[in-house]
> 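Quick one: structure below, then a few questions.
As the structure is a prediction and not an experimental result, all values here were calculated from the model. Position 1 is the first residue of the sequence, and the numbers go up from there.
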Amino acid sequence: MTGTALLAILLLLAGTFLNVPVAIVLSIVVLLLEVVRAVWARFGLERVTYRRRLERDRMTWGEEIPTAIEVWNRKRMPLAWMRAEDEASPGVVVRERPLVIGAGGASVLRNSWTLAPFERVTRQFHVSAERRGVYELGPVGLTVGDLFARQAASEQRPETERFLVRPRTVPATALHRRDTWGGQDRARAGLTEDPSRFAGVREYAPGDPLRKIHPRASARLGRPVVKRFEPSREREVLLALDVQTAKGPAWETTWDAEEVESLFVVAASIARSLALERAAFGLAAAGYHGAESRFAHLAVSEAPGQLERVFDLLARLSSHPSAPFERLLGMVLHVVRPGTTVVVLTARDPSEYVAWLRRIERAGCPVVVVTCGPDGPAAAGTVRRLGLVARSVRLDGPWRTASALTVTG
C-alpha cells in the first residue's frame with residue numbers, strides 16, 4: 001500500500017465519522033486512481049515484447065545499418081503510453097532521431113507509443129557512427145503509464161546489439177616491395193614455381209609429374225614436353241601498425257583523434273591493395289582489441305575472407321598504444337617466417353626503433369617503412385639515409401573526404 005492510498009483511507013474514515021461528503025468523495029477518487037495505478041504497475045509490462053534488429057553487424061565508415069525496433073502489446077490491457085530508452089555507445093548516430101541524455105547520464109535513443117490491446121508497431125531507423133570502432137545499442141529501459149498518463153511501472157531489459165564500424169578505404173597506389181628472389185646469394189631451398197607466370201616448355205624428364213605435360217605442344221612436336229614456369233616471388237606481407245602517433249613513452253603520450261583515424265584509413269587502404277594483388281598478408285599492432293593479449297596479431301594468410309578479418313581487427317583496435325612499438329617488433333621476429341616482407345606503417349619518426357628493424361632484416365625478412373602524416377616525406381628520407389627502404393604515403397584530403405592514397409618514394 002502506498003502512502004497516498006493510506007492517506008486516502010484515513011481521509012475516508014475521517015469524512016465518514018465527521019459526516020463530510022466532500023472528504024468522502026475526494027478520498028474515493030484518490031483510492032480509485034491508486035487502484036488503477038496499482039493494476040497498471042502490476043500488469044503494464046507483462047507480455048510486452050520489445051525487439052531491436054540490426055540488418056547486419058558490420059559496416060564500413062560512411063555506411064548505415066538499417067535497424068528495426070518492434071514493440072508488441074500482447075494482452076487485453078491498453079497502454080496509454082509506453083517509452084523505451086535504448087542506451088547507445090558514444091559516437092552512435094541515428095539518422096531519423098537525435099540521441100538524448102537519459103536518466104543515467106548516457107546517450108539514449110528514445111521512443112514513445114500509445115498501444116491498444118494486442119497492437120504491434122515497428123519503426124525503421126538507420127544507425128551509423130562518427131568513426132571506426134565497436135559500438136553497442138542497449139540495454140533498454142521500458143516505462144509504461146496508466147490510463148491517467150501517470151508513470152506506473154518501469155524495468156531494464158538486458159538485450160544488447162553490438163556492431164563493428166570498419167575504417168574507410170580509398171584507392172591506393174600499389175606498394176612496390178623489393179623482390180626477394182634472384183641475386184648473388186646461394187638458395188637455401190629450391191625455387192617454387194608460380195603457375196600464373198608461364199615461361200614456355202622443356203623436354204620431359206623422368207620424374208616430372210604427368211599433370212605438367214603440355215598436351216597440345218607434345219602432340220605438335222611428336223614428343224612429350226612439360227610446362228615451364230617462372231620462379232615465384234615472395235608474396236607474404238605482414239603489416240606492422242605503429243598506433244602511437246607522438247614521441248615519448250607509450251603510456252604517457254596523448255593522441256590526435258583525427259591523425260589516428262587517418263593512420264587507420266591508410267592501413268585499411270594498403271591492406272585492400274595487397275588483397276587486390278592476391279598477396280598473402282597479415283596484421284600486427286600494439287593496441288587494445290578486446291582480448292587479453294596486449295598485442296593484436298592476425299597471421300599472414302591468403303585464405304578467403306582475410307581482408308575482412310583485417311578490417312575487423314582494425315575496427316577493434318584502440319586509438320592509443322597498449323605497449324611500446326619496439327616490443328611489438330620483438331614479437332614479429334617470432335611470428336613470421338624468413339622471407340616475409342614486414343611493412344611498418346607509422347605516423348611518427350621511426351628513428352627510435354631502427355635497430356629493431358635491422359634485426360628483422362638480419363633474420364631474413366625484408367623491411368619497408370611506410371610513413372604518413374605531414375612529416376611523412378621527411379621521416380622517409382631519414383629512414384633511407386639509415387640504409388632502409390622507405391615509402392611516403394599521403395591522403396589527398398581529410399580522412400572523411402579523401403578519394404585516393406598516393407605512395408611515393
Side-chain angles (χ1 to χ4, degrees), residues 54-66 89 91-93 127-136 161-175 235-243 245 257-291 293 295-322 328 332 335 340-347 370 372 393 395 398-405 407:
L54 273 65
E55 188 173 282
R56 59 185 187 276
D57 61 356
R58 286 167 172 79
M59 70 174 181
T60 302
W61 185 90
E63 298 177 348
E64 293 179 329
I65 299 179
S89 300
V92 172
V93 178
V127 177
S128 59
E130 295 179 353
R131 61 187 73 244
R132 62 157 193 100
V134 182
Y135 296 90
E136 290 184 348
E161 304 290 339
R162 177 176 296 180
F163 62 96
L164 287 177
V165 179
R166 296 166 171 170
R168 184 170 180 258
T169 61
V170 296
T173 306
L175 185 63
R235 297 175 61 83
E236 293 189 354
V237 181
L238 179 69
L239 288 174
L241 179 60
D242 184 6
V243 178
T245 57
E258 296 300 306
E259 188 175 0
V260 171
E261 292 305 314
S262 297
L263 178 65
F264 278 84
V265 170
V266 171
S269 301
I270 291 178
R272 182 170 175 265
S273 69
L274 291 172
L276 293 176
E277 295 177 18
R278 299 182 182 275
F281 60 97
L283 177 68
Y288 298 102
H289 57 292
S293 173
F295 299 110
H297 175 234
L298 184 62
V300 175
S301 174
E302 56 181 347
Q306 178 72 356
L307 181 60
E308 287 71 22
R309 287 187 286 272
V310 169
F311 286 167
D312 288 350
L313 184 54
L314 289 173
R316 291 189 175 96
L317 276 175
S318 61
S319 298
H320 54 282
S322 58
L328 176 70
V332 166
V335 298
T340 301
T341 301
V342 178
V343 176
V344 176
L345 180 58
T346 182
V370 178
C372 61
V393 299
L395 291 170
W399 68 269
R400 288 183 173 88
T401 58
S403 59
L405 176 69
V407 181

> The criterion is side-chain contact (heavy atoms from CB on, under 4.5 Å); which residues satisfy it with R272, sequence neighbours excluded?
T169, L307, F311

> Under the side chain to side chain contact (heavy atoms under 4.5 Å, CB included) rule, what do L241 and L263 come out as? Steps first, then yes or no, please.
CA-CA 9 Å; L241 179 60; L263 178 65; 3.9 Å; yes

> Can you name the closest pair of heavy atoms from M59 and E63 and give their distance?
SD-O, 3.4 Å

> Quick one: closest heavy-atom pair of T340 and E236, and the distance?
OG1-OE1, 3.3 Å

> Got a second to check how far L314's CG is from L164's CG, nearest 0.5 Å?
11.0 Å

> Could you tell me whether a side-chain N or O of H289 sits under 3.5 Å from a main-chain N or O of G287, the two making a donor and an acceptor?
yes

> Specify the closest pair of heavy atoms between A271 and V310, including all atoms of both residues, with the distance to one decimal.
CB-CG1, 4.0 Å

> Listed by chain and number, what are the side-chain hydrogen bond (donor to acceptor under 3.5 Å, both in side chains) partners of T346, not counting sequence neighbours?
D242, Y353

> Give, for atom CZ of F264 and atom CG of L345, the distance between the pair rounded to the nearest 0.5 Å.
9.5 Å

> Measure the CG-CG distance between L239 and L313 for me, rounded to the nearest 0.5 Å.
11.0 Å

> Examine distances only and state if a side-chain atom of Q306 and a backbone atom of A280 form a donor-acceptor pair shorter than 3.5 Å.
no

> Find the distance between OH (Y288) and OG (S319) and round it off to the nearest 0.5 Å.
13.0 Å

> Suppose the criterion is salt bridge (Lys or Arg N to Asp or Glu O under 4.0 Å): which pairs have a residue in residues 310-319, not counting sequence neighbours?
R58-D312, R166-D312

> Name all residues meeting the side-chain contact (heavy atoms from CB on, under 4.5 Å) criterion together with E130; count only those two or more places apart in sequence or in a different chain, and write none if there are none.
V93

> Looking only at non-hydrogen atoms, find the nearest pair between P171 and S403 and report the distance.
CD-O, 3.3 Å

> How would you list, by chain and number, every residue that makes a side-chain contact (heavy atoms from CB on, under 4.5 Å) with T401, sequence neighbours excluded?
P398

> Measure the spacing between CG of L238 and OG1 of T341 and express it to the nearest 0.5 Å.
10.0 Å

> What is the minimum heavy-atom distance between V342 and A240, and which atoms define it?
CG1-CB, 4.3 Å

> Taking the basic N atoms (NZ, or NE/NH1/NH2) and the acidic carboxylate oxygens, is any pair closer than 4.0 Å for R278 and E302?
no

> Quick check: does any side chain N or O of S269 sit under 3.5 Å from a backbone N or O of V170, one acting as donor and the other as acceptor?
yes

> Could you please spell out the steps behind the side chain to side chain contact (heavy atoms under 4.5 Å, CB included) verdict for V265 and L405?
CA-CA 9 Å; V265 170; L405 176 69; over 6 Å; no

> Are V407 and V370 side-chain neighbours, meaning at least one heavy-atom pair lies under 4.5 Å?
no

> Can you name the ring-ring contact (aromatic ring centres under 6.0 Å, His included) partners of F163, sequence neighbours left out?
Y135

> Could I get the full list of side-chain hydrogen bond (donor to acceptor under 3.5 Å, both in side chains) partners for E308, not counting sequence neighbours?
none

> Looking at residues at least two apart in the chain, or sitting in another chain, which of them share a side-chain contact (heavy atoms from CB on, under 4.5 Å) with E64?
R95, H126, S128

> Among residues at least two apart in sequence or on other chains, which ones pass salt bridge (charged side-chain N to carboxylate O under 4.0 Å, His left out) with R162?
E136

> With sequence neighbours left out, write down each residue that passes side-chain hydrogen bond (donor to acceptor under 3.5 Å, both in side chains) with R131, or none if nothing qualifies.
E258

> Between atom CG of L283 and atom CZ of R309, what is the distance when rounded to the nearest 0.5 Å?
12.5 Å

> Locate the shortest heavy-atom distance separating V165 from A129; write the atom from each residue and the value.
CG2-CB, 3.7 Å

> Test of understanding: with side-chain hydrogen bond (donor to acceptor under 3.5 Å, both in side chains), list the residues that count as partners of E259, not counting sequence neighbours.
none

